[in-house]
Amino acid sequence: MAIDNAKLESIEALRKAGIEPYPYSYHVTTHAKEIKDNFSEFEGKEVSIAGRAMQLRQMGGITFIDVQDRSGKIQSLIRNNDLDQKSLIVLANASIGDTLGVRGIVMKSKRGEMSVGARELTMLSKTLRTLPNKWQGLTDTEARYRSRHVDLMMNQEVLRTFEIRAKFMHHVRDILDSRGGIEVETPILQDLYGGASAKPFTTTYHTLDDKQMFLRISDELYLKRLIIGGAERVYEVSKDFRNEDADSVHNPEFTQIEYYEAYSDYETFMKMMEDMLSSFVLKTFGSLKIDYQGETIDFTPPFARMYWVDELKNISGIDVSSISDEDLKRINEAEKLGLKHPDRYHVADSLFDKYLKGKTLQPTFVLDFPTYMCPLTKAKRGNSMLAERFELYVAKMEVANSYSELTDPLYQRKMFEEQERERKKGDDEAPPFDEEFLSAIEYGMPPTAGIGISIDRPAMVFTNQTSIKEVILFPPMKSIPLDEDSSGKK
RNA sequence: GGGCCCGUAGCUCAGCUCGGUAGAGCAUCUGGCUUUUAACCAGGUGGUCGUGGGUUCGAUUCCCACUGGGCCCGCCA
């Protein structure tokens with residue numbers, strides 16, 4: 001049903017004429033956009049383009065085919081009189097969705113449309129499927145994600161989205177490289193998970209006696225061991241996995257780049273992030289201001305700095321740096337936070353969301369967190385209730401998280417012991433005790449700044465998307481029973 | 001985990017309120033047309049109406065359950 005008999009007949013017809021519908025290669029000389037952008041240079045010259053036939057308008061002895069390559073579309077103008085015998089057979093057996101090669105002369109049609117006047121037509125891949133209609137295309141969200149290949153054909157802006165995402169990733173790499181960072185790869189499959197609070201995915205390694213292993217929730221502790229070893233500056237493009245619900249800004253697997261720099265503190269990274277984002281936006285969009293969902297976001301440095309514990313105290317009268325246990329319940333009720341287990345961490349976090357998150361449309365450093373929110377962070381100089389940590393927000397989304405890393409091994413052990421107690425009390429997000437990391441840090445870790453830079457969320461901002469799924473090529477989907485028609489049978 | 005909305009042809013949708021086994025446009029097929037671009041003109045093909053159950057003489061339509069998706073809320077980045 002999904003496969004069109006007429007297309008199978010075309011394959012037969014082509015083969016009968018000695019034309020292979022699935023050949024090996026084709027010499028492409030240029031792309032659609034290049035021709036259109038530099039038309040006067042190309043006009044009258046011969047080119048070879050290749051791409052998918054997206055529209056086909058036939059009128060007797062002349063056919064117009066809109067050929068789409070990765071740069072865009074260009075019309076090919078095909079007069080039967082200009083074609084050799086083979087090309088005529090290809091044309092007779094061509095349909096929308098086929099991948100074609102067109103060799104011809106760059107020209108304009110009578111109506112002025114920039115075109116390739118075909119001299120030779122080559123079948124590069126005969127489609128068996130029918131493309132979505134040319135007006136509405138493919139808009140059903142589920143169909144778009146499940147069939148991203150069709151989505152890309154029909155909605156070329158999707159490809160642009162992923163190009164921008166890729167550019168941002170390269171930009172971050174370039175900057176970290178230029179600082180002397182060594183790109184490393186650490187285990188995704190881990191014995192123990194840590195470096196964050198989250199439920200892990202588990203798996204089994206059969207040859208190690210069916211040992212239980214975890215997909216990493218963070219690569220932090222491994223990167224710190226490299227710092228302890230003397231690498232000084234290391235980063236990793238890290239796909240992390242957290243076994244939690246997805247929503248518009250969370251996906252169970254997501255990408256962040258973590259970077260550690262010895263002898264620096266979190267102030268260093270505020271400057272770095274300002275440079276990184278502003279230079280990217282300027283380079284990519286030609287301006288420091290971009291539109292996001294009808295709002296203008298201005299990346300001109302310096303970014304706003306929100307000392308949020310102070311600001312929260314001013315607005316709500318609550319000082320989260322020192323909440324007593326008795327206050328937690330009272331605040332949860334008075335502020336209508338609706339927390340089932342109002343511990344200090346969640347109360348403070350909820351108060352931030354309630355009062356301050358809405359103020360972080362523009363790039364904003366939210367800085368200095370209560371120490372109890374930061375088990376891997378050094379206390380703030382001059383205020384032992386706070387820790388030297390910032391989160392960078394853009395468009396009300398957290399896009400980076402940075403600490404002056406905790407390097408005191410005895411204090412670190414204490415923080416781990418506390419986490420272990422939370423874990424035993426039933427907090428299934430608290431990571432397990434990691435003696436290996438503790439023994440590493442006991443060798444002595446230099447003063448170090450660390451940062452995790454989200455890739456997904458900045459990509460959303462730069463491409464004006466409100467769902468993280470739009471910047472992830474293949475978002476996870478529940479499985480559906482395979483229908484027999486899609487199995488490739490006639 | 002809770003609430004709301006949705007699933008009909010390859011795609012985009014109508015029909016359901018008020019039950020009588022389906023309709024449009026595009027795609028596809030046949031014919032016509034040598035400058036179209038949502039080409040046009042004429043004719044045709046194409047659907048176990050998400051799945052299962054119930055009510056009914058009869059269900060795409062009403063009811064229930066399940067399933068897949070979207071949005072919002074709660075939680076992690």
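Excluded from the calculations below are hydrogen atoms, water molecules and symmetry mates; all remaining heavy atoms, backbone and side chain alike, are included. All chains are named by letter (A, B, ...) in the order of the sequence lines, taking the proteins before the strands, and each is independently numbered beginning at 1.
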TODO: Give the rounded distance in Å between these two atoms: NZ of A/Lys469 and P of B/rG69.
DONE: 8 Å
TODO: Using a 4.0 Å heavy-atom cut-off across all strands, classify A/Tyr393 as base, sugar-phosphate, or nothing.
DONE: nothing
TODO: Classify the nucleic acid contact of A/Asp247 as base, sugar-phosphate or nothing, counting any heavy atom under 4.0 Å across all strands shown.
DONE: base
Task: A/Asn133, nearest nucleotide to its side chain (from B/rU12, B/rG70, B/rA27) - done: B/rU12
- [ ] From the options B/rU34, B/rG68, B/rU37, select the nucleotide whose nearest atom is closest to the side chain of A/Glu113.
- [x] B/rU37
- [ ] Find the distance A/Lys7:NZ to B/rU45:P and express it as a whole number of Å.
- [x] 18 Å
Open item on the list: What I want to find out is whether A/Lys378 reaches A/Asp265 closely enough, with some N-O distance under 4.0 Å, to be called a salt bridge.
Closed with: no
- [ ] From the options B/rA27, B/rC11, B/rG70, select the nucleotide whose nearest atom is closest to the side chain of A/Lys134.
- [x] B/rA27
Open item on the list: Using a 4.0 Å heavy-atom cut-off, does A/Asp66 contact any base of the nucleic acid, only the sugar-phosphate backbone, or nothing at all?
Closed with: nothing
- [ ] Check the distance between B/rC75's C1' and A/Asn243's CG and give it to me in whole angstrom.
- [x] 13 Å
Open item on the list: I want to verify a distance call: between B/rG10, B/rG69, B/rC33, whose nearest atom is closest to the A/Met59 side chain?
Closed with: B/rC33
- [ ] Have a look at A/Gly137 and say if it touches a base, only the backbone sugar-phosphate, or nothing, with a 4.0 Å heavy-atom cut-off.
- [x] sugar-phosphate
Open item on the list: Taking any heavy-atom pair under 4.0 Å as a contact, classify A/Glu398: base, sugar-phosphate, or nothing.
Closed with: sugar-phosphate
TODO: Could you work out the separation of B/rC73 and B/rU12 based on their P atoms and round it to a whole Å?
DONE: 27 Å
Open item on the list: From C-beta outward on A/Thr139, which listed nucleotide comes closest to its side chain: B/rG68, B/rG70, B/rC13?
Closed with: B/rC13
Open item on the list: Taking the P atom in each of B/rU8 and B/rU60, what is the distance between them to the nearest angstrom?
Closed with: 15 Å
- [ ] Answer with base, sugar-phosphate or nothing: what part of the nucleic acid does A/Asn251 contact at a heavy-atom distance below 4.0 Å?
- [x] base
Task: Value in whole Å for how far the P atom of B/rU35 lies from CG of A/Leu56 - done: 16 Å
TODO: Answer yes when A/Lys354 and A/Glu335 have at least one side-chain N-carboxylate O distance shorter than 4.0 Å, and no when they do not.
DONE: yes
TODO: For A/Leu138, answer base if it contacts any base atom (sugar-phosphate contacts may also be present), sugar-phosphate if it contacts only those atoms, and nothing otherwise; contact means non-hydrogen atoms under 4.0 Å.
DONE: sugar-phosphate
Open item on the list: Within the supplied structure, the quantity of interest is the number of heavy atoms (other residues, nucleotides, ligands) at a distance under 6.0 Å from A/Arg70 CZ; does it exceed 12?
Closed with: no
- [ ] Please figure out whether A/Ser248 or A/Met477 has its closest RNA chain B nucleotide nearer the 5' end.
- [x] A/Met477
- [ ] Between B/rG20 and B/rA24, how far apart are the C1' atoms? Round to whole Å, please.
- [x] 22 Å
Open item on the list: Any base atoms under 4.0 Å from A/Val399, or only sugar-phosphate, or nothing? Heavy atoms, all strands.
Closed with: nothing
- [ ] Report which part of the nucleic acid A/Asp353 touches: base, sugar-phosphate, or nothing (heavy-atom distance under 4.0 Å, all strands).
- [x] nothing
Open item on the list: Rounded to whole Å, please give me the gap between CG in A/Leu215 and C1' in B/rC76.
Closed with: 16 Å
Task: Below 4.0 Å: OP1/OP2 of B/rA39 and any side-chain N or O of A/Arg57 - done: yes
Task: A/Phe64 CZ - B/rU35 C1' separation (whole Å) - done: 4 Å
Open item on the list: Can you tell me which nucleotide in B/rC29, B/rC76, B/rG68 comes closest to the side chain of A/Ala6?
Closed with: B/rC29
- [ ] Could you please name the partner base of B/rU51, counting Watson-Crick and G-U wobble pairs only when both distances are under 3.5 Å?
- [x] B/rA65
Open item on the list: Closest approach to the side chain of A/Gln136, judged atom by atom: which nucleotide of B/rU28, B/rC76, B/rU12 is it?
Closed with: B/rU12
- [ ] For the pair A/Asp66 and A/Lys73, find out whether any cationic side-chain nitrogen is under 4.0 Å from an anionic carboxylate oxygen.
- [x] no
Task: Rounded distance in Å - CD (A/Glu244) to C1' (B/rG74) - done: 13 Å
Task: P gap between B/rC62 and B/rG15, integer Å - done: 12 Å
Open item on the list: Using a heavy-atom cut-off of 4.0 Å across all strands, would you classify A/Ser197 as base, sugar-phosphate, or nothing?
Closed with: sugar-phosphate
Task: Closest to the A/His346 side chain, choosing from B/rA27, B/rC29, B/rC75 - done: B/rC75
Open item on the list: Between A/Lys359 and A/Glu311, does any NZ, NE, NH1 or NH2 come within less than 4.0 Å of an OD or OE carboxylate oxygen?
Closed with: yes
Task: Note: A/Glu391-A/Arg389 ion pair, threshold 4.0 Å (strictly below) - done: yes
Open item on the list: Which nucleotide, if any, forms a Watson-Crick or G-U wobble pair with B/rU28, using both distances under 3.5 Å?
Closed with: B/rG44
Task: Phosphate OP1/OP2 of B/rU36 contacted by A/Arg111 side-chain N/O (<4.0 Å) - done: yes
- [ ] Identify which nucleotide among B/rU37, B/rC11, B/rC29 has an atom closest to any side-chain atom of A/Gln75, counting heavy atoms from C-beta outward.
- [x] B/rU37
Open item on the list: At 4.0 Å (heavy atoms only), tell me whether A/Gln256 reaches a base, stays on the sugar-phosphate, or touches nothing.
Closed with: nothing
Task: Whole-angstrom distance between B/rC75 and B/rC64, as gauged at atom C1' - done: 32 Å
TODO: Pick the P atom in B/rG10 and in B/rG46, then give their distance to the nearest Å.
DONE: 12 Å
Task: Salt-bridge present (A/Glu470, A/Arg165; N to O < 4.0 Å) - done: no
- [ ] Would you kindly give the CG-to-C1' distance between A/Asp140 and B/rG7, to the nearest whole Å?
- [x] 8 Å
Open item on the list: With a 4.0 Å cut-off on N to O distance, would you call A/Lys16 and A/Glu12 a salt bridge?
Closed with: no
Open item on the list: I'd like the C1' distance from B/rC13 over to B/rG53, given in whole Å.
Closed with: 29 Å
Task: Pair A/Arg216 + A/Glu236, salt bridge at N-O below 4.0 Å - done: yes
Open item on the list: Considering every strand and a 4.0 Å limit on heavy-atom distances, what is the contact class for A/Ser109: base, sugar-phosphate, or nothing?
Closed with: base
Task: B/rU48 and B/rA39, which share atom name C1', separated by this distance in whole Å - done: 38 Å
